[in-house]
Each structure stands twice: as structure tokens, then as C-alpha cells.
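Report on the following structure.
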Amino acid sequence: MTVVTRFAPSPTGYLHIGGARTALFSYLWARKNQGKFILRIEDTDQERSTPEMTQAILKAMEWLGLEYEELYFQSKRQEIHQEYIDKLVAEGKAYWCECSPEEVEQMRQEAMAKGLKPKYNGRCREKNLGPGPGRVVRLKAPLEGETSFVDLVKGKISVQNQELDDLILRRSDGTPTYNLAVVVDDLTMGITHVIRGDDHVNNTHRQILIYKALNAPIPQFAHVPMILGPDKKKLSKRHGALSVMVYKEMGFLPEALLNYLARLGWSYKDQEIFSKAELIEKFSLENLSKSPSVFDTEKLLWLNSHYIKESSRQRLAQLLLEFLQPEGFNPSLAYLEKIVPLYQPRAKTLKEMAEQMHFFLKEAKELDYDAKAVEKFLTPEVIPHLQKIREKIATLTNFEQKALENIFAAYLEENQLKFKVIAQPLRVALTGQTVSPGLFETMEVLGKEEVLNRLQRALELAT
RNA sequence: GUCCCCAUCGUCUAGUGGCCUAGGACGCCGGCCUCUCACGCCGGUAACAGGGGUUCAAAUCCCCUUGGGGACGCCA
């Protein structure tokens, strides 16, 4: 049987870190088994679902590169859901209930008071009611025995049927409830493996009851533990960025996020770095961890810097444009491609990279000079040296790193100087700041004319 | 409150009864490299929650305690 997995987000919010991870696991499992990966938008909550969020989720899936074979919208499948509800009622596996939400709430209170789990007490079970205003359809769940399943990551999970109640299948407004819709959809889409968050384990037993009432085959379940914040609480907005697309805006590469997410709750021996192909090859459900994991931005940052080093300068240059343009810079790709390699070993994010390279993108006359740096390094002692060096450089015809190094070596030799003495002053003169990539590579990228202009400007500044 | 699940360094994890005086990675600390900042390289710090069993042998199996997470909707 071919493997079919699905990711079923509800468009009541953006695609968040946790969702992205279960989507990834579902995707990997399908790919590994040459199966099918389905994206199903569970937009049945008319109140809170929006088309904008649906688009946002689709975009995020695309950015992450999680391609799916089929796309469904749950809201368009209500007739199918209804068919199954009718079938259950016809077979006596479900019944109409006239209890109002207030009455049910009271039943819950009573159960709580008795130290029991809050649940519906089954009052309309045997009333044999038909449809009517305000009425819902409930599943006639077994009163005794236990329901269990073997979770692919947690092992056997059982629950006494007394703990479960007659869950609602069809709301009084005629729409199907989540549990019914999920079961019918998973069933009709031929899902073989339901990979989802830990928070669904309790629903699983209820869903299995529906499968059984329907006499349908039950898929395999794999419940992935939650992702926690640094305080070990379920990851939420107060822990910072949650949305996948915000990570994009923060300058993360999709492969870094994917790699990080994969290793969060899953492992393959001691390996840390995985390409997508490797992930597909090595992924397995049994190596998923059973316990929740804490989201660690530091490690994500490390992976991101790793992938920045691995990426081609062309790709990074292209991506950088998105960060540079809002800042008012519009460099040519060719020029950017020359700058990028100088930052690949240094930057942890694209955003950081873009910010640090500003001085490359301005002309000498509009360059910002850090006042403190100027005061500290452009001293009367070094000015003459910079002046002479500028003259030497001006004679250079091939303005390359090697040639520049030679000029400097010669000058330092003649004057019995250490490079250290003029390095920082030179840096400040060229970049306006005290931190930058190596000076020779920086000069080569800036080009002769710009270097001469900047030295000129610095010399004027210092006097 | 009731039910379900979980428990190895600060964090992500390896470990599937002897190979464990517990390995890797991030972070942190120190050193090397060095024109600044990084990168890189080398080294270090640091964990089997506690208590009972089972066994010749337990991080690994069982029980209890503690701690943590999740779920109890006409939300998904």
C-alpha cells in the first residue's frame, strides 16, 4: 500500500514553527516511501478562517519547499461529511440530541463536582429524536471497554471508554465538527499515516470511535511532541517569532530552518547537518523523540550561518536585494556578488549581512564616518602614512588583493612599520568604522577609484 | 479536578541490559590563528530527577514519588 500523509492546518493564523515541523515530518515520510503528501486546509471555522491566512500558509509551504501532490479545502467537502453523518444516524450509530449548550455545560459542572471528567451525560441517547432546530447529531459511543491504538512514536495508548462521551458530529447549524470532518477526510483521501502534534492524542480515541462506527480502516498515528519555549511552556507568541515567514524576514535560509526543525525532536545518530535529500533518505518515525523539545534560536542561528557559507554568492546576492532595497540601496547584482563572499564567513543572517555591508554601497562623499573611530585612529601620526600609501596605490594598474598586499609589504618594510599600526586607521578611512572584512579584499571590491576617494575624504576629515 | 503522555549536560540529542569512569552538536569558557570583527582549528565546563525493585550486570526493564507537558468545546 502506498503511503499517503497529509498536513492539515487551519487558516486561523500564519504557518507557525510547530506546524511547519509536523508538515515537514509528514512530507518526509511520504517522500521517503515514494508516497503522496496532501495539504488540506481545514477552513471550516467560518468565524476565524480567512483567505489571507490560507494564502499565507501556501506561501510559507512554498518558501520551505514542501511540495504537495494534492490540495483540498475542507469547507468544500461538507456534502461528503454530511453523507457520513446521515449514514451513522441511519445505522443507529449516531443520534439527534436536543440538549442546549447551557444544559450540557451544567452536566459538565456536575461531573466535575463529582471529581469526574466533564462530559455530556447521554440524556438523548435513547430518545430517538429526529432533526429539528437547535439539535445536533452525536456519536453513540460505547459505554464500556477501552479504546487503544499503537502510536508510532509513543507506543500503545489506551483510554477507558467511560472517559469519553458522545461527541458532537454535526452542529446545530448543520456544519460538521472537526473530529467528524477529519475522520471522513482522512478516510476518503486514503491517508495511511496521520502525523500530527501531540495535542491531538486525546482526539485520536474519539476519532477511532468514529472509524469503528463507520466500519472503516484506521490509519496509523504518529504524534509528535510539542515545541516548547525557553520557559518550557508550549511555544507561543510571547516567546518571540512563531511565524515561519517572520524567520524569512529575519534573514534565515529555508534549508536552515528545515534542518533545524528536522533535528528538533528527531535525530539520526550524531549527524547535525542534513540536506533535504538526506532528510528524505534518513528520516524515520521511530527516531522521533517522545518528549517535548525547547526551541533554541542560537542553534538555528548556527545552522543558518552554516548554510550561508555553503550558498552560492549568486543566490545570496539575489536574496539580499530584498533586504537592501527597503533600506534605499539598489546595487547591481554583479557588485553584490563581489561583496557577498566577504560576509559569508561572518554573517549569521541575511539581514545582518545586509546591514553590515552598507558602507560598500555608498560613495565616498556620502559615507558615514564614526566620529569616535575617526578621533581614535585618524591621528596626526598615521595621516602621513595614509597620504603616502594613497599615492602608491594611485599608481597601481591591476587593483587586486595580491598587488595591494605587495604594495603594503614594501611600504611597511621601507618604513619599518607593523601592519597593525596602520590597519585600524586604514579601516576607518575606508569604511568609516572599526569593524569590516579584511582590508585587502575590501579594497579590491571597492575598486581603485573608490579607495582613493575614501582615503582623500578621510585625510580631509582628519585635518 | 479528571484522563493521557513524557523525563540523559543550560539547550537539541546519541544510547534499545554489559562496548558508558555516558558520545556528538549549539551555547559558554580558555588557547591558537590574526589588520578589526568574524570564520577556522585545538582544549575545557556540564547530564542519566529521587527512591525502591528485577538481574551476575541498568541511563537502558518494572513500581512508586517528584517534576513537566497535553487534553477535557456546537475551535481546529
Side-chain angles (χ1 to χ4, degrees), chain A residues 8-13 42-45 47-49 74 97 99-101 104-105 108 111-119 134-138 151 154-155 157-160 162-165 167-179 181-182 197-205 223 225-226 228 230 232-234 260 263-273 286-287 289-303 305 309 343-348 356 373 377 408 418-428 431 433-440 442:
Chain A
S10 109
T12 53
E42 306 213 324
D43 54 352
T44 45
D45 185 343
E47 298 290 302
R48 300 188 301 148
S49 297
Q74 195 167 59
C97 165
C99 298
S100 69
V104 175
E105 180 52 32
R108 292 202 180 94
M112 279 271 247
K114 280 190 259 179
L116 297 173
K117 183 176 270 184
K119 47 180 242 185
R135 290 183 184 176
V136 300
V137 171
R138 286 180 182 274
D151 189 273
K154 290 169 186 286
I157 300 176
S158 312
V159 74
Q160 294 300 313
Q162 282 104 312
E163 298 296 330
L164 277 16
D165 65 359
L167 71 161
I168 293 178
L169 267 22
R170 180 193 196 271
R171 299 187 188 97
S172 54
D173 67 0
T175 59
T177 58
Y178 167 71
N179 281 304
V182 168
D198 217 346
D199 47 344
H200 285 286
V201 287
N202 292 280
N203 281 328
T204 307
H205 298 97
H223 288 98
M226 304 274 82
L228 276 25
K232 308 262 181 124
K233 299 285 184 203
K234 186 175 177 178
Y260 178 72
R263 275 291 282 104
L264 194 64
W266 174 80
S267 62
Y268 181 78
K269 298 178 184 169
D270 279 343
Q271 191 170 340
E272 297 286 351
I273 307 290
E286 67 209 27
N287 286 323
S289 142
K290 293 181 179 183
S291 47
S293 24
V294 174
F295 189 84
D296 180 15
T297 311
E298 289 299 328
K299 192 160 182 180
L300 207 208
L301 244 11
W302 169 71
L303 276 166
S305 59
K309 292 186 192 81
Y343 285 98
Q344 279 177 285
R346 286 164 232 273
K348 291 195 167 175
Q356 289 173 347
F377 293 106
F408 272 79
K418 290 270 191 205
F419 186 55
K420 255 188 176 357
V421 179
I422 55 166
Q424 281 304 78
L426 180 61
R427 172 166 285 110
V428 172
T431 71
Q433 54 196 47
T434 55
V435 173
S436 81
L439 288 168
F440 298 110
T442 296

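The model shown is predicted, which means the values in this text are computed figures rather than measured ones. Naming: A, B, ... by sequence-line order, numbering from 1 per chain.
- Donor-acceptor pairing under 3.5 Å, judged by distance alone, is present between the side chain of A:S172 and the base of B:C74.
- The partner of B:G44 is B:C28, judged by Watson-Crick or G-U wobble contacts that both fall below 3.5 Å.
- In this structure B:G67 sits in a base pair with B:C6, meeting the Watson-Crick or G-U test at under 3.5 Å.
- Formation of a donor-acceptor pair under 3.5 Å by the A:Y260 side chain with backbone atoms of A:D296 is found in this model.
- In terms of polar N and O atoms assigned as donor or acceptor, the side chain of A:D198 never comes within less than 3.5 Å of the base of B:G70 in a complementary pairing.
- Residue A:M112 places its side chain closer to B:G1 than to any other of B:G23, B:G1, B:U13.
- As judged by a 4.0 angstrom heavy-atom cut-off over every strand, A:V294 is placed among residues touching the sugar-phosphate backbone only.
- One can find a donor-acceptor pair under 3.5 Å joining the base of B:C35 and the side-chain atoms of A:R427.
- Nucleotides B:G30 and B:C37 place their P atoms 14 Å apart, quoted to the nearest Å.
- Nucleic acid contact for A:P9: none, since no nucleic acid atom lies under 4.0 Å from a heavy atom of the residue.
- The distance from atom SG of A:C97 to atom CZ of A:R170, rounded to the nearest 0.5 Å, is 13.0 Å.
- Contact annotation for A:C97: no contact, since no heavy-atom pair falls under 4.0 Å across all strands.
- Note on A:R108: a side-chain N or O is less than 4.0 Å away from OP1 or OP2 of B:C74.
- Side-chain atoms of A:R263 come within 3.5 Å of backbone N or O of A:W266 as a donor-acceptor pair.
- Residue contacts shown for A:D151 are absent, as no nucleic acid heavy atom lies under 4.0 Å away.
- Side-chain contact between A:L439 and A:F408 is absent, with no heavy-atom pair separated by less than 4.5 Å.
- When heavy atoms are screened at a 4.0 angstrom cut-off, A:F295 is found touching no nucleic acid atom at all.
- Contact annotation for A:H205: no contact, since no heavy-atom pair falls under 4.0 Å across all strands.
- For the atom pair CG (A:D173) and OG1 (A:T175), the distance works out to 3.5 Å, reported to the nearest 0.5 Å.
- Between the side chain of A:K154 and the base of B:C5, no donor-acceptor pair under 3.5 Å is found.
- Per the geometry, CG belonging to A:L264 stands 10 Å off C1' belonging to B:U11, to the nearest Å.
- To the nearest 0.5 angstrom, A:F419 atom CZ is 9.5 Å from A:Q424 atom CD.
- Mapping A:R346 and A:Q74 onto RNA chain B by nearest heavy atom places A:R346 at the nucleotide closer to the 5' end.
- On the P atoms, B:A7 is 30 Å away from B:G44, given to the nearest whole Å.
- Listed for the A:K119 side chain is a donor-acceptor partner under 3.5 Å among the backbone atoms of A:Q162.
- Comparing atom distances between the A:K309 side chain and each of B:U13, B:G40, B:G27 picks out B:G40 as nearest.
- When the nucleotides B:C12, B:C74, B:U8 are ranked by their closest atom to the side chain of A:S291, B:U8 comes out on top.
- When each of B:A76, B:C74, B:C35 is scored by its nearest atom to the side-chain atoms of A:P101, the top-ranked nucleotide is B:C74.
- Closest contact between the side chain of A:K299 and the listed nucleotides B:A76, B:C35, B:A25 involves B:A25.
- Close to B:U11, at under 4.0 Å from its OP1 or OP2, lies a side-chain N or O of A:K232.
- Picking from B:U13, B:A14, B:C35 the nucleotide with the shortest atom distance to the side chain of A:R263 gives B:U13.
- Checked by atom type and distance alone, the side chain of A:S305 never pairs as donor or acceptor with a backbone atom of A:A347 at under 3.5 Å.
- Residue contacts shown for A:G265 are limited to sugar-phosphate atoms, with no base heavy atom under 4.0 Å away.
- Base-pair partner of B:C56: B:G18 (Watson-Crick or G-U wobble, both distances under 3.5 Å).
- One can place CD of A:Q424 at 4 Å from C1' of B:U36, the figure rounded to the nearest angstrom.
- Note: CD1 (A:I422) to P (B:U36) measures 13 Å, nearest angstrom.
- Look at B:C29: its glycosidic torsion is beyond 90° from 0, and that puts it in the anti range.
- Residue A:T175 places none of its side-chain N or O atoms closer than 4.0 Å to OP1 or OP2 of B:C74.
- Taking only distance into account, the side chain of A:E105 never meets the base of B:G73 through a donor-acceptor pair shorter than 3.5 Å.
- Comparing B:C39 with B:A71, their P atoms sit 39 Å apart, to the nearest whole Å.
- On the P atoms, B:G69 is 14 Å away from B:C12, given to the nearest whole Å.
- Comparing B:G70, B:G24, B:U13 by their closest approach to the side chain of A:S289 singles out B:U13.
- Nearest nucleotide to the A:T177 side chain, out of B:G24, B:C5, B:C74: B:C74.
- Within the structure, every side-chain polar atom (N or O) of A:S293 is placed at least 4.0 Å from both OP1 and OP2 of B:C12.
- Heavy atoms of A:S305 sit nowhere under 4.0 angstrom from any nucleic acid atom.
- Annotation: B:A49 and B:C41 have their C1' atoms spaced 37 Å apart (nearest Å).
- Base engagement by A:I168 is indicated by at least one non-hydrogen atom pair under 4.0 Å involving a base atom.
- Distance CD (A:E286) to P (B:G15): 10 Å, rounded to an integer number of Å.
- Nucleotides B:C74 and B:G15 are separated by 48 Å at their C1' atoms, to the nearest Å.
- Panel note: side chain A:D198, backbone A:H223; no donor-acceptor pair is recorded below 3.5 Å.
- Counting non-hydrogen atoms under 4.0 angstrom, A:G438 reaches a base of the nucleic acid.
- Between A:K420 and B:U36, a side-chain N or O to OP1/OP2 separation shorter than 4.0 Å is present.
- The gap from the P atom of B:C19 to that of B:G1 amounts to 43 Å, rounded to the nearest Å.
- Within the 4.0 angstrom heavy-atom criterion, only backbone atoms of the sugar-phosphate kind lie near A:S158; the bases stay farther away.
- Each of A:P345 and A:E272 was assigned the nucleotide of RNA chain B with the nearest heavy atom; the assignment lying further toward the 5' end belongs to A:E272.
- Rounded to whole Å, the distance from CD on A:E42 to P on B:A76 is 9 Å.
- Distance from the side chain of A:K117 is smallest for B:U2 among the nucleotides B:U2, B:U13, B:A76.
- Shown here, B:C37 forms no base pair; nothing in the strands shown gives a Watson-Crick or G-U wobble contact with both key distances under 3.5 Å.
- The CH2-C1' distance, from A:W302 to B:G27, rounds to 12 Å in whole Å.
- Side chain of A:L439, nearest nucleotide from B:G40, B:C35, B:A71: B:C35.
- Between B:U65 and B:A22, the two P atoms lie 31 Å apart (nearest whole Å).
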So A:L167 and A:Y178, side-chain contact (heavy atoms from CB on, under 4.5 Å) or not? Walk me through it.
-> CA-CA 10 Å; A:L167 71 161; A:Y178 167 71; over 6 Å; no
